[in-house]
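I have placed the structure first, in the form of structure tokens, so that the comments after it can refer back to it.
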Amino acid sequence: MLDIKLIRENPDLVRAGLKTRHSPVDVSAVLELDERRRAAITEADQLKAARNEISKKIGALKKAGEDTADIQRQTREMGEKIAALDEAVRGIEEEQRKLLLAIPNLPHESVPSGEDALDNVVVREWGHKQTFDFEPKDHVALGEALGLFDFERAARMSGAGFPLFTGAGARLERALIQFMLDLHTTKHGYTEISPPYVVTTATMTGTGQLPKMADDMYHAPIDDLWLIPTAEVPVTNIYREEIIREPLPLKFVAHTPCFRREAGSAGQATRGLIRVHQFDKVELVQFVPPGTSYDALEGLVADVEDVLQTLGMTYRVLQLCSGDMSFAAAKCYDLELWAPGHNGWLEDSSCSNFEAFQARRANIRWKNAAGKTEFVHTLNGSGVALSRLYVAILENGQQADGSVVLPEVLRPYMGGIDRLVPKKK
RNA sequence: GGAGAGAUGGCUGAGUGGCCGAAAGCAACGGUUUGCUAAACCGUCGUACUGGUAAUAACCGGUACCGAGGGUUCGAAUCCCUCUCUCUCCGCCA
């Protein structure tokens with residue numbers, strides 16, 4: 001949510017920023033509501049001040065034993081007027097908030113202007129695209145031969161898009177989770193969190209999933225609870241409606257399953273683990289002082305890159321252009337893994353600085369050095385998503401005989417084995 | 001699920017219709033003094049909205065907020081209703 005004061009005082013700056021996002025939002029309506037709101041508040045406040053004064057007098061008169069019936073009737077009329085004005089203010093505020101919630105964040109000045117994904121900028125590439133002296137297979141063929149997962153039986157119990165990992169396949173997933181949590185907690189200074197996977201409507205609104213993304217999430221109507229699409233939701237909401245007392249920055253890492261309905265996205269790109277309704281993810285979330293959030297974003301990306309480098313992945317870092325950034329982000333980097341079996345890049349991490357956009361929405365504040373209460377800046381990034389990393393590990397490690405060599409750092413987590421070997425028939 | 005108790009400022013905690021934005025203590029911040037691994041004393045010490053001076057810091061004023069929402073009243077932290085959460089006991093249960 002943008003600051004109404006910013007819109008009021010610098011409407012042209014806001015308009016210009018939204019324009020680079022190709023957002024059709026018009027701030028004039030918000031400004032007009034703001035005028036009406038303030039006028040109504042001023043009028044109501046003046047009436048209340050008058051009423052308070054008279055009420056005080058009534059108390060004194062009564063104590064003196066005088067008749068106050070007349071003056072009381074007069075104040076009752078004021079009360080009715082006040083109630084009507086308060087009602088009007090409430091209505092205007094509700095309308096204004098609805099409009100404000102629909103306005104996306106302003107892109108940071110360093111964000112390249114552009115239409116869509118084609119205008120994103122490759123910032124750097126790491127590793128090299130491996131060549132094979134045989135035709136590389138995709139992860140589905142590899143994993144099925146290795147007995148790592150069983151999509152058919154999974155579909156029978158839950159429908160398509162819910163992976164069932166088996167044996168070493170299940171262990172490999174656990175190994176990756178453990179490896180990433182260990183790296184972020186011991187080397188990068190994050191505190192581990194294990195949050196609820198199911199949250200309320202208010203929580204979903206705090207981070208911006210609701211109302212916009214309702215159709216993309218799983219909902220349990222009996223209890224009006226939602227399955228989280230990312231750990232960003234519960235972890236960012238840890239401090240909802242709070243003034244943070246701990247010293248900033250606060251850095252959290254959480255592993256959770258993520259649930260996404262992915263409504264209307266069936267087809268080629270959904271094969272195997274590429275796009276699923278349930279996947280695990282290790283997520284990084286930071287709460288930082290406002291002046292430091294852009295440095296923190298670079299640090300966050302470095303933490304994610306460390307995961308990929310330590311695993312020996314080939315990847316590239318993209319800076320998203322203004323037109324391709326998500327609703328709440330002011331600046332965003334995507335990290336993409338090279339997957340030789342697909343002969344393409346797979347988006348596996350998204351690292352964003354939201355500035356105060358989420359904090360204002362969720363009312364997360366801190367006290368700065370001057371003792372003044374202000375909104376914090378929030379950031380998050382996948383560090384990283386399991387399913388696509390899993391794909392890249394299989395496809396990059398594959399050998400001519402169908403076995404898959406595991407990255408060295410994973411071996412201790414895999415009981416010391418160095419490769420996955422196809423099951424004998 | 002049943003019964004009971006409770007929710008007040010960063011914390012503890014007083015306050016049962018006007019003198020309460022709210023006592024007191026602790027913590028925090030500024031200062032004075034003594035001097036030593038700290039004490040004493042003085043002062044400051046909530047948030048949001050809003051008007052004005054001023055200009056995005058600051059100052060003065062108004063309004064609202066004592067878990068949330070609604071009601072009674074000229075006037076509500078205080079009375080009434082609904083909801084949420086916490087605690088205790090019972091039941092059920094991984």
Side-chain angles (χ1 to χ4, degrees), chain A residues 1-14 30-97 99-100 106 194 196-206 222-226 234 237-248 250 287 289-291 355-356 359-376:
Chain A
M1 188 160 71
L2 294 180
D3 186 358
I4 181 65
K5 283 190 204 129
L6 178 76
I7 301 177
R8 187 191 303 150
E9 281 159 27
N10 299 293
D12 293 333
L13 186 139
V14 172
V30 179
L31 286 172
E32 197 251 322
L33 281 173
D34 189 48
E35 284 292 323
R36 279 171 49 202
R37 180 181 133 268
R38 282 154 62 208
I41 286 177
T42 304
E43 195 182 342
D45 279 2
Q46 281 166 356
L47 274 172
K48 284 176 188 171
R51 181 181 64 180
N52 287 344
E53 203 168 318
I54 296 175
S55 285
K56 231 176 241 175
K57 250 183 234 157
I58 291 174
L61 287 174
K62 282 203 163 173
K63 210 168 265 177
E66 299 194 29
D67 178 47
T68 56
D70 238 28
I71 200 170
Q72 281 190 29
R73 202 188 49 238
Q74 193 186 328
T75 26
R76 192 173 311 137
E77 278 163 24
M78 289 173 77
E80 281 159 20
K81 233 181 191 169
I82 288 168
L85 279 167
D86 279 348
E87 181 69 26
V89 169
R90 236 194 321 272
I92 295 169
E93 276 177 349
E94 206 173 300
E95 207 175 326
Q96 188 184 49
R97 182 171 167 84
L99 288 182
L100 282 173
L106 297 176
S194 181
Y197 302 158
V198 168
V199 299
T200 61
T201 295
T203 299
M204 279 297 184
T205 309
I222 294 180
D223 299 300
D224 192 22
L225 290 170
W226 304 78
N237 274 284
I238 288 175
Y239 292 106
R240 184 160 64 89
E241 302 292 341
E242 275 195 47
I243 297 170
I244 299 177
R245 299 287 159 185
E246 293 93 305
L248 299 186
L250 286 169
F287 301 84
E355 296 191 1
R360 191 171 295 112
R361 207 175 168 110
N363 204 20
I364 305 170
R365 293 145 300 159
W366 76 307
K367 281 196 193 293
N368 65 20
K372 185 118 176 99
T373 304
E374 64 180 354
F375 292 113
V376 300

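Throughout, protein chains are lettered first and strands after them, A, B, ... in sequence-line order, and every chain is numbered starting at 1.
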Which whole number of Å gives the distance between the P atom of B:A28 and that of B:C36? 23 Å
According to the salt bridge (charged side-chain N to carboxylate O under 4.0 Å, His left out) rule, which pairs have a member within residues 40-61 of chain A, sequence neighbours left out? A:K48-A:D86
To the nearest 0.5 Å, how far apart are OG1 in A:T200 and CH2 in A:W226? 11.0 Å
Atom pair distance, as rounded to whole Å: CD1 in A:I4 and P in B:A48: 17 Å
Looking at residues at least two apart in the chain, or sitting in another chain, which of them share a side chain to side chain contact (heavy atoms under 4.5 Å, CB included) with A:I92? A:L33, A:R36, A:R37
With P as the reference atom in both, quote the distance from B:U63 to B:C19 in angstrom, rounded to an integer. 13 Å
Only counting residues at least two apart or in another chain, list the ones meeting side chain to side chain contact (heavy atoms under 4.5 Å, CB included) with A:L250. A:Y239, A:I244, A:E246, A:L248, A:F252, A:F287
To the nearest 0.5 Å, what is the distance between CE on A:M204 and CG on A:L225? 9.5 Å
When the P atoms of B:U33 and B:A68 are compared, how many Å lie between them, rounded to an integer? 46 Å
Rounded to the nearest 0.5 angstrom, the CG-CD1 distance for A:D12 and A:I7 is 12.5 Å
Between B:C11 and B:U16, how far apart are the two C1' atoms, rounded to whole Å? 25 Å
Check every strand shown and say whether A:T373 touches a base, only sugar-phosphate, or nothing at a heavy-atom separation below 4.0 Å. sugar-phosphate
Atom C1', compared across B:U72 and B:C81: separation rounded to whole Å: 11 Å
Considering only atom C1', compute the distance from B:C60 to B:A55 and round it to an integer number of Å. 15 Å
Please report, rounded to the nearest Å, how far the P atom of B:U50 is from the CG atom of A:L33. 14 Å
With sequence neighbours excluded, residues passing side chain to side chain donor-acceptor pair (under 3.5 Å) with A:T68: A:Q72
Rounded distance [0.5 Å steps], CD in A:E93 versus CD1 in A:I41: 5.5 Å
To the nearest Å, how far apart are A:E246 CD and B:C11 P? 13 Å
Between B:A77 and B:G13, how far apart are the two C1' atoms, rounded to whole Å? 14 Å
In dot-bracket form, how is RNA chain B paired, counting a Watson-Crick or G-U wobble pair only if both its distances are under 3.5 Å and using | for bases paired to another strand? ((((((((.[[[..)..(.....]]].(((((.(...).))))).((((((((....)))))))).[[[[[..)....]]]]])))))))....
What one-letter contact string describes nucleotides 53-78 of chain B from 5' to 3', where B marks a base within less than 4.0 Å of any protein heavy atom, S marks contact via sugar-phosphate atoms alone, and - marks no contact? ---------BSS-----S---BS---
Whole-Å distance separating the CZ atom of A:R36 from the P atom of B:U50: 16 Å
Would you give the length of the straight line joining atom CG of A:N363 to atom CD1 of A:I243, rounded to the nearest 0.5 angstrom? 8.0 Å
Once you round it to whole Å, what is the distance between C1' of B:C49 and CG of A:N363? 13 Å
Please report, rounded to the nearest Å, how far the P atom of B:G10 is from the CD1 atom of A:I244. 15 Å
Can you find a side chain N or O atom of A:K367 that sits less than 4.0 Å from OP1 or OP2 on B:U47? yes
Give the rounded distance in Å between these two atoms: CD1 of A:I243 and P of B:C11. 10 Å
In whole Å, what is the span from the CG atom of A:L85 to the C1' atom of B:U50? 14 Å
For A:R365 and B:U47, is the shortest distance between a side-chain N/O and OP1 or OP2 below 4.0 Å? no
When the C1' atoms of B:C29 and B:C89 are compared, how many Å lie between them, rounded to an integer? 45 Å
Distance col, row A:E374:CD vs A:R365:CZ, nearest 0.5 angstrom, shows 11.5 Å
